[in-house]
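Right, one structure below, let's go through it.
In this chain, residues are counted from 1 in sequence order.
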Amino acid sequence: MSHDHFRFLPHHKSPDDPGEDPMVFAFKGRDLLVTEEGSLPGVGQIDEAGFEAVRRQYLGSLDGRHCYSAELEDEAQPAGGLRFSNLHGLYASLDEATHAVAGRAVQIVEWDKTHQFCGACAQPTVVSEMDRSRACPNCKIPMYPRLAPAMIVSVERGDEILLARSPHFPAGIMSVLAGFVEPGESAEDAVKREVYEETKILVKNVQYFSSQAWPFPNSLMLGFRAEYESGDIVIDNEEIVAAEWFKASEMPNFFPGRVSISQWLIHDFLKRNGVEPPS
Ligand SMILES: [Zn+2]
(Lines give C-alpha, C1' and ligand atoms only; values in the text may rest on other atoms or scores of the structure.)
Protein backbone atom coordinates (compact mmCIF):
# COMPACT_ATOMS: atom_id res chain seq x y z
CA MET A 1 0.00 0.00 0.00
CA SER A 2 1.23 3.51 -0.62
CA HIS A 3 0.22 7.01 0.38
CA ASP A 4 -0.75 7.68 -3.22
CA HIS A 5 -3.92 5.70 -2.59
CA PHE A 6 -4.35 5.53 1.19
CA ARG A 7 -4.08 8.44 3.60
CA PHE A 8 -4.08 6.04 6.54
CA LEU A 9 -1.83 2.98 6.64
CA PRO A 10 -2.67 0.71 9.60
CA HIS A 11 0.00 -1.26 11.42
CA HIS A 12 0.22 -2.88 14.84
CA LYS A 13 3.95 -2.42 15.51
CA SER A 14 5.38 0.95 16.43
CA PRO A 15 8.45 2.11 14.51
CA ASP A 16 11.61 2.61 16.62
CA ASP A 17 11.40 6.34 15.97
CA PRO A 18 7.89 7.83 16.28
CA GLY A 19 9.03 10.93 14.40
CA GLU A 20 8.92 14.64 15.23
CA ASP A 21 5.21 15.10 15.40
CA PRO A 22 3.21 11.92 16.14
CA MET A 23 -0.58 12.09 16.55
CA VAL A 24 -1.89 10.92 19.92
CA PHE A 25 -5.53 9.91 20.36
CA ALA A 26 -5.92 9.90 24.16
CA PHE A 27 -9.15 8.59 25.64
CA LYS A 28 -10.82 8.69 29.01
CA GLY A 29 -13.42 5.97 28.59
CA ARG A 30 -14.84 6.66 25.12
CA ASP A 31 -14.13 10.41 25.22
CA LEU A 32 -11.24 11.88 23.25
CA LEU A 33 -8.83 14.49 24.66
CA VAL A 34 -9.15 17.56 22.44
CA THR A 35 -8.42 21.29 22.43
CA GLU A 36 -11.12 23.85 23.24
CA GLU A 37 -11.80 24.05 19.49
CA GLY A 38 -12.22 20.29 19.24
CA SER A 39 -8.99 19.58 17.36
CA LEU A 40 -6.32 17.04 18.21
CA PRO A 41 -3.75 18.44 20.69
CA GLY A 42 -0.02 18.06 20.04
CA VAL A 43 2.09 15.63 22.03
CA GLY A 44 3.81 18.52 23.84
CA GLN A 45 0.46 19.98 24.90
CA ILE A 46 -0.67 16.60 26.28
CA ASP A 47 2.58 16.08 28.21
CA GLU A 48 2.59 19.63 29.60
CA ALA A 49 -0.96 19.19 30.87
CA GLY A 50 0.29 16.18 32.86
CA PHE A 51 -1.70 13.39 31.23
CA GLU A 52 -0.22 9.92 31.51
CA ALA A 53 -1.23 6.84 29.58
CA VAL A 54 -2.18 3.58 31.32
CA ARG A 55 -1.68 1.73 28.02
CA ARG A 56 -0.65 2.75 24.51
CA GLN A 57 -1.11 1.22 21.09
CA TYR A 58 0.45 2.03 17.77
CA LEU A 59 -2.28 2.53 15.15
CA GLY A 60 -0.46 3.24 11.90
CA SER A 61 0.33 6.44 9.99
CA LEU A 62 -1.91 9.20 8.69
CA ASP A 63 -0.40 11.23 5.84
CA GLY A 64 2.99 9.96 7.01
CA ARG A 65 2.53 10.91 10.70
CA HIS A 66 2.67 8.05 13.19
CA CYS A 67 -0.53 7.64 15.21
CA TYR A 68 -0.91 6.27 18.73
CA SER A 69 -3.84 5.62 21.01
CA ALA A 70 -3.49 6.26 24.73
CA GLU A 71 -5.79 5.06 27.46
CA LEU A 72 -5.99 7.63 30.27
CA GLU A 73 -7.07 6.93 33.82
CA ASP A 74 -10.79 7.07 34.56
CA GLU A 75 -10.03 9.88 37.03
CA ALA A 76 -8.31 12.10 34.41
CA GLN A 77 -9.66 15.66 34.52
CA PRO A 78 -9.60 18.42 31.87
CA ALA A 79 -6.33 20.39 32.20
CA GLY A 80 -3.98 22.68 30.31
CA GLY A 81 -6.77 24.01 28.05
CA LEU A 82 -7.69 20.48 27.00
CA ARG A 83 -11.10 18.85 27.41
CA PHE A 84 -12.83 15.54 26.70
CA SER A 85 -15.45 15.04 24.00
CA ASN A 86 -17.33 12.05 22.66
CA LEU A 87 -16.71 11.34 18.97
CA HIS A 88 -20.27 12.30 17.97
CA GLY A 89 -19.40 15.87 18.92
CA LEU A 90 -16.27 16.02 16.75
CA TYR A 91 -17.53 15.42 13.20
CA ALA A 92 -17.35 19.15 12.50
CA SER A 93 -13.96 19.93 14.06
CA LEU A 94 -11.90 16.89 12.96
CA ASP A 95 -11.36 16.19 9.27
CA GLU A 96 -12.88 12.95 8.00
CA ALA A 97 -9.64 10.93 7.97
CA THR A 98 -8.65 12.07 11.48
CA HIS A 99 -12.15 11.29 12.81
CA ALA A 100 -11.91 7.82 11.28
CA VAL A 101 -8.57 7.19 13.02
CA ALA A 102 -10.14 8.39 16.29
CA GLY A 103 -12.98 5.89 15.74
CA ARG A 104 -10.41 3.16 15.16
CA ALA A 105 -8.41 4.28 18.21
CA VAL A 106 -11.31 4.17 20.67
CA GLN A 107 -12.14 0.63 19.62
CA ILE A 108 -8.54 -0.54 19.98
CA VAL A 109 -8.25 1.14 23.40
CA GLU A 110 -11.43 -0.60 24.52
CA TRP A 111 -10.30 -3.96 23.12
CA ASP A 112 -6.88 -3.68 24.78
CA LYS A 113 -8.43 -2.72 28.13
CA THR A 114 -10.97 -5.55 28.11
CA HIS A 115 -8.67 -8.36 26.87
CA GLN A 116 -5.88 -8.28 29.43
CA PHE A 117 -7.00 -11.69 30.71
CA CYS A 118 -8.13 -14.86 28.99
CA GLY A 119 -11.91 -15.36 29.02
CA ALA A 120 -11.48 -19.14 29.21
CA CYS A 121 -8.76 -19.66 31.87
CA ALA A 122 -8.17 -16.15 33.32
CA GLN A 123 -4.40 -16.13 32.56
CA PRO A 124 -2.91 -12.73 31.64
CA THR A 125 -2.80 -12.41 27.84
CA VAL A 126 0.22 -11.34 25.78
CA VAL A 127 0.50 -9.12 22.71
CA SER A 128 0.99 -10.87 19.39
CA GLU A 129 3.97 -9.83 17.29
CA MET A 130 2.22 -10.98 14.13
CA ASP A 131 -0.94 -8.90 14.05
CA ARG A 132 -3.38 -6.80 16.10
CA SER A 133 -4.28 -9.44 18.63
CA ARG A 134 -3.58 -10.66 22.12
CA ALA A 135 -3.39 -14.33 23.00
CA CYS A 136 -3.57 -16.56 26.04
CA PRO A 137 -0.19 -18.30 26.53
CA ASN A 138 -2.03 -21.18 28.19
CA CYS A 139 -4.88 -22.06 25.80
CA LYS A 140 -3.59 -20.06 22.79
CA ILE A 141 -6.99 -18.41 22.16
CA PRO A 142 -6.37 -15.31 19.99
CA MET A 143 -8.37 -12.18 20.79
CA TYR A 144 -8.98 -9.57 18.13
CA PRO A 145 -10.78 -6.22 18.33
CA ARG A 146 -14.50 -6.86 18.01
CA LEU A 147 -16.37 -5.61 14.97
CA ALA A 148 -20.14 -5.97 14.87
CA PRO A 149 -21.69 -5.87 11.38
CA ALA A 150 -25.05 -4.16 11.29
CA MET A 151 -27.35 -3.48 8.37
CA ILE A 152 -29.31 -0.33 7.62
CA VAL A 153 -31.87 -0.18 4.85
CA SER A 154 -33.98 2.19 2.81
CA VAL A 155 -37.16 0.20 2.05
CA GLU A 156 -39.01 1.77 -0.87
CA ARG A 157 -42.48 1.25 -2.34
CA GLY A 158 -42.70 3.18 -5.60
CA ASP A 159 -42.10 6.82 -4.64
CA GLU A 160 -42.42 6.17 -0.90
CA ILE A 161 -39.87 5.29 1.78
CA LEU A 162 -40.50 3.31 4.96
CA LEU A 163 -39.37 5.24 8.05
CA ALA A 164 -39.72 4.16 11.64
CA ARG A 165 -39.25 5.56 15.09
CA SER A 166 -37.27 3.89 17.86
CA PRO A 167 -38.15 4.89 21.44
CA HIS A 168 -34.48 5.98 21.82
CA PHE A 169 -34.74 8.67 19.10
CA PRO A 170 -35.19 12.35 19.99
CA ALA A 171 -38.84 13.45 19.93
CA GLY A 172 -40.42 13.45 16.48
CA ILE A 173 -37.48 11.90 14.61
CA MET A 174 -38.04 9.05 12.12
CA SER A 175 -35.32 7.09 10.33
CA VAL A 176 -34.59 4.07 8.16
CA LEU A 177 -34.59 0.60 9.73
CA ALA A 178 -31.41 -0.93 11.12
CA GLY A 179 -30.27 -3.94 13.11
CA PHE A 180 -27.37 -6.25 13.83
CA VAL A 181 -26.41 -9.15 11.59
CA GLU A 182 -26.67 -12.42 13.51
CA PRO A 183 -24.10 -15.25 13.47
CA GLY A 184 -24.61 -17.47 10.44
CA GLU A 185 -26.64 -14.90 8.52
CA SER A 186 -25.82 -12.96 5.33
CA ALA A 187 -26.28 -9.18 5.40
CA GLU A 188 -29.09 -9.54 2.82
CA ASP A 189 -30.88 -12.08 5.02
CA ALA A 190 -30.46 -9.75 8.00
CA VAL A 191 -32.14 -6.96 5.99
CA LYS A 192 -35.16 -9.16 5.20
CA ARG A 193 -35.42 -10.49 8.76
CA GLU A 194 -35.05 -7.11 10.54
CA VAL A 195 -37.57 -5.37 8.28
CA TYR A 196 -40.03 -8.19 8.86
CA GLU A 197 -39.44 -8.34 12.63
CA GLU A 198 -39.84 -4.59 13.07
CA THR A 199 -42.70 -3.88 10.65
CA LYS A 200 -44.05 -7.22 9.28
CA ILE A 201 -43.21 -5.97 5.77
CA LEU A 202 -41.61 -8.39 3.28
CA VAL A 203 -38.94 -6.99 0.95
CA LYS A 204 -37.18 -8.13 -2.23
CA ASN A 205 -34.31 -6.99 -4.49
CA VAL A 206 -31.95 -6.16 -1.63
CA GLN A 207 -29.15 -4.09 -3.18
CA TYR A 208 -25.91 -2.95 -1.56
CA PHE A 209 -25.64 0.84 -1.20
CA SER A 210 -22.56 1.79 0.83
CA SER A 211 -20.97 1.20 4.22
CA GLN A 212 -19.69 3.22 7.15
CA ALA A 213 -17.54 2.50 10.17
CA TRP A 214 -19.66 3.44 13.18
CA PRO A 215 -17.58 3.37 16.36
CA PHE A 216 -20.57 3.59 18.74
CA PRO A 217 -19.34 1.24 20.08
CA ASN A 218 -17.96 -1.05 17.35
CA SER A 219 -20.26 -1.39 14.36
CA LEU A 220 -19.67 -1.65 10.66
CA MET A 221 -22.86 -0.30 9.10
CA LEU A 222 -23.75 -2.00 5.80
CA GLY A 223 -26.23 0.12 3.86
CA PHE A 224 -28.82 -1.38 1.50
CA ARG A 225 -31.83 -0.45 -0.56
CA ALA A 226 -34.74 -2.88 -0.78
CA GLU A 227 -38.08 -2.98 -2.58
CA TYR A 228 -41.42 -3.56 -0.91
CA GLU A 229 -42.86 -6.96 -1.75
CA SER A 230 -45.95 -7.42 0.42
CA GLY A 231 -47.58 -6.90 3.78
CA ASP A 232 -49.08 -4.14 5.92
CA ILE A 233 -47.15 -2.31 8.63
CA VAL A 234 -47.51 -3.87 12.08
CA ILE A 235 -45.22 -2.58 14.82
CA ASP A 236 -44.30 -4.22 18.12
CA ASN A 237 -44.37 -0.96 20.14
CA GLU A 238 -41.09 -1.93 21.81
CA GLU A 239 -38.22 -1.81 19.33
CA ILE A 240 -40.33 0.38 17.04
CA VAL A 241 -43.04 2.78 18.27
CA ALA A 242 -44.10 4.16 14.86
CA ALA A 243 -43.58 3.25 11.20
CA GLU A 244 -45.08 4.80 8.07
CA TRP A 245 -44.60 5.24 4.33
CA PHE A 246 -43.58 8.75 3.27
CA LYS A 247 -43.33 10.53 -0.08
CA ALA A 248 -40.21 12.66 -0.68
CA SER A 249 -42.38 15.81 -0.67
CA GLU A 250 -44.01 14.97 2.67
CA MET A 251 -41.15 13.80 4.86
CA PRO A 252 -41.26 13.82 8.67
CA ASN A 253 -38.31 15.07 10.73
CA PHE A 254 -35.22 12.91 10.34
CA PHE A 255 -31.71 13.20 11.83
CA PRO A 256 -30.14 16.49 10.67
CA GLY A 257 -26.66 16.58 9.12
CA ARG A 258 -24.68 14.50 6.64
CA VAL A 259 -22.40 12.44 8.83
CA SER A 260 -24.19 9.11 9.03
CA ILE A 261 -25.23 6.50 6.53
CA SER A 262 -28.88 6.83 7.63
CA GLN A 263 -28.77 10.38 6.26
CA TRP A 264 -26.97 9.28 3.07
CA LEU A 265 -29.73 6.73 2.42
CA ILE A 266 -32.53 9.23 3.03
CA HIS A 267 -30.80 11.94 0.97
CA ASP A 268 -30.32 9.47 -1.88
CA PHE A 269 -34.03 8.62 -1.79
CA LEU A 270 -34.96 12.33 -1.82
CA LYS A 271 -32.69 13.09 -4.80
CA ARG A 272 -34.04 10.20 -6.86
CA ASN A 273 -37.54 11.51 -6.15
CA GLY A 274 -36.87 15.12 -7.16
CA VAL A 275 -36.34 16.70 -3.74
CA GLU A 276 -33.10 18.50 -2.84
CA PRO A 277 -31.78 17.09 0.50
CA PRO A 278 -31.18 19.55 3.34
CA SER A 279 -27.57 20.71 3.68
ZN1 LIG B 1 -6.53 -19.16 28.44
Side-chain angles (χ1 to χ4, degrees), residues 7 30-32 34-40 85-104 106 149-180 187 190-191 194-195 198-199 201 203 205-228 233 235 239-279:
R7 288 187 63 187
R30 298 189 57 83
D31 292 344
L32 180 64
V34 292
T35 64
E36 285 301 330
E37 297 76 36
S39 60
L40 203 65
S85 170
N86 64 36
L87 295 183
H88 274 296
L90 298 172
Y91 276 106
S93 58
L94 295 179
D95 74 77
E96 201 179 326
T98 305
H99 196 283
V101 179
R104 178 188 293 258
V106 70
M151 67 81 210
I152 183 161
V153 59
S154 164
V155 176
E156 298 176 33
R157 182 176 73 178
D159 61 354
E160 297 174 307
I161 186 170
L162 178 61
L163 298 180
R165 186 176 154 66
S166 148
H168 312 296
F169 289 176
I173 296 279
M174 307 277 285
S175 191
V176 287
L177 298 174
F180 286 102
V191 167
E194 279 284 347
V195 173
E198 296 187 354
T199 62
I201 296 292
V203 298
N205 295 340
V206 178
Q207 299 287 331
Y208 180 69
F209 173 77
S210 177
S211 68
Q212 182 181 33
W214 194 243
F216 309 106
N218 49 21
S219 295
L220 172 63
M221 300 300 292
L222 305 167
F224 291 88
R225 284 166 49 188
E227 277 178 45
Y228 170 82
I233 295 171
I235 55 167
E239 221 179 330
I240 295 293
V241 292
E244 271 182 71
W245 296 102
F246 293 97
K247 287 191 195 306
S249 56
E250 297 165 357
M251 293 287 278
N253 290 328
F254 49 90
F255 287 105
R258 290 173 169 270
V259 300
S260 82
I261 193 166
S262 72
Q263 293 148 351
W264 307 345
L265 280 162
I266 291 173
H267 293 179
D268 175 69
F269 162 77
L270 291 175
K271 272 190 218 160
R272 280 184 286 104
N273 286 278
V275 171
E276 188 58 30
S279 54

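The backbone N or O of P215 sits nowhere less than 3.5 Å from a side-chain atom of R104 that would complete a donor-acceptor pair. A donor-acceptor distance shorter than 3.5 angstrom exists from the side chain of R165 to the backbone of P170, with no hydrogens or angles considered. Using modelled atom types, no side-chain atom of R225 and backbone atom of F269 make a donor-acceptor pair closer than 3.5 Å. With hydrogens and angles ignored, the 3.5 Å screen pairs a side-chain donor or acceptor of S166 with a backbone N or O of H168. Here the side chain of Q263 pairs a donor or acceptor atom with the backbone of V259 at under 3.5 angstrom.
H267 and F254 get closest at one heavy-atom pair: NE2-CE1, 3.9 Å. For N273 against A248, the heavy-atom pair with the smallest separation is CB-CB, 3.6 Å. Residue S249 comes nearest to V275 through the heavy atom pair N-CG2, 4.2 Å, listed as atom of the first residue, atom of the second, then distance. Shortest non-hydrogen contact noted between S154 and I161 is OG-CD1, 3.5 Å. The minimum heavy-atom distance linking M221 with M151 is given by the pair CE-O, 4.4 Å. Between L222 and A187, the shortest heavy-atom contact is CD1-CB, 4.0 Å.
Side-chain contact between D95 and R7: present, with at least one pair of heavy atoms (C-beta onward) separated by less than 4.5 Å. Between Y228 and I201, some side-chain heavy-atom pair lies under the 4.5 Å cut-off. Using a 4.5 Å cut-off on side-chain heavy atoms (C-beta onward), L177 and V191 make no contact. Between L163 and V176, some side-chain heavy-atom pair lies under the 4.5 Å cut-off. Looking at heavy atoms from C-beta onward, P277 lies in side-chain contact with K271 at the 4.5 angstrom threshold. In this structure, P278 and L270 have side chains that are in contact, with non-hydrogen atoms separated by less than 4.5 Å. Contact of the H99 side chain with the L90 side chain is registered, since non-hydrogen atoms from C-beta on lie closer than 4.5 Å. Counting only heavy atoms from C-beta outward, the side chains of L32 and L94 approach each other to under 4.5 Å.
Between Y91 and W214, the ring-plane angle classifies as parallel under the 30° and 60° cut-offs. In this structure, F169 and F255 have perpendicular ring planes: the angle between them is above 60°, well past the 30° mark. F216 and H88 have parallel rings, their planes meeting at less than 30° on a 0 to 90° scale where 60° marks the start of perpendicular.
For the atom pair CD of E194 and CD1 of I152, the computed distance is 11.0 Å after rounding to the nearest 0.5 Å. With rounding to the nearest 0.5 angstrom, the CE atom of M174 is 10.0 Å from the CD1 atom of I266. Remark: S211 OG to I261 CD1 distance equals 6.0 Å, nearest 0.5 Å. Separating the CZ atom in R157 from the CZ atom in F246 is a distance of 11.5 Å, to the nearest 0.5 Å. We find the CD-OG1 distance between E239 and T199 to be 11.0 Å, quoted to the nearest 0.5 Å. In this structure, the separation between OG on S85 and CD on E36 is 11.0 Å, given to the nearest 0.5 Å.
For the residue pair Q212 / S210, no side-chain donor-acceptor distance below 3.5 Å is found, with atom types taken as modelled.
Aromatic ring centres of W264 and F209: separated by at least 6.0 Å.
In summary, K247 and E250 do not engage in a salt bridge, as defined by a charged side-chain N under 4.0 Å from a carboxylate O.
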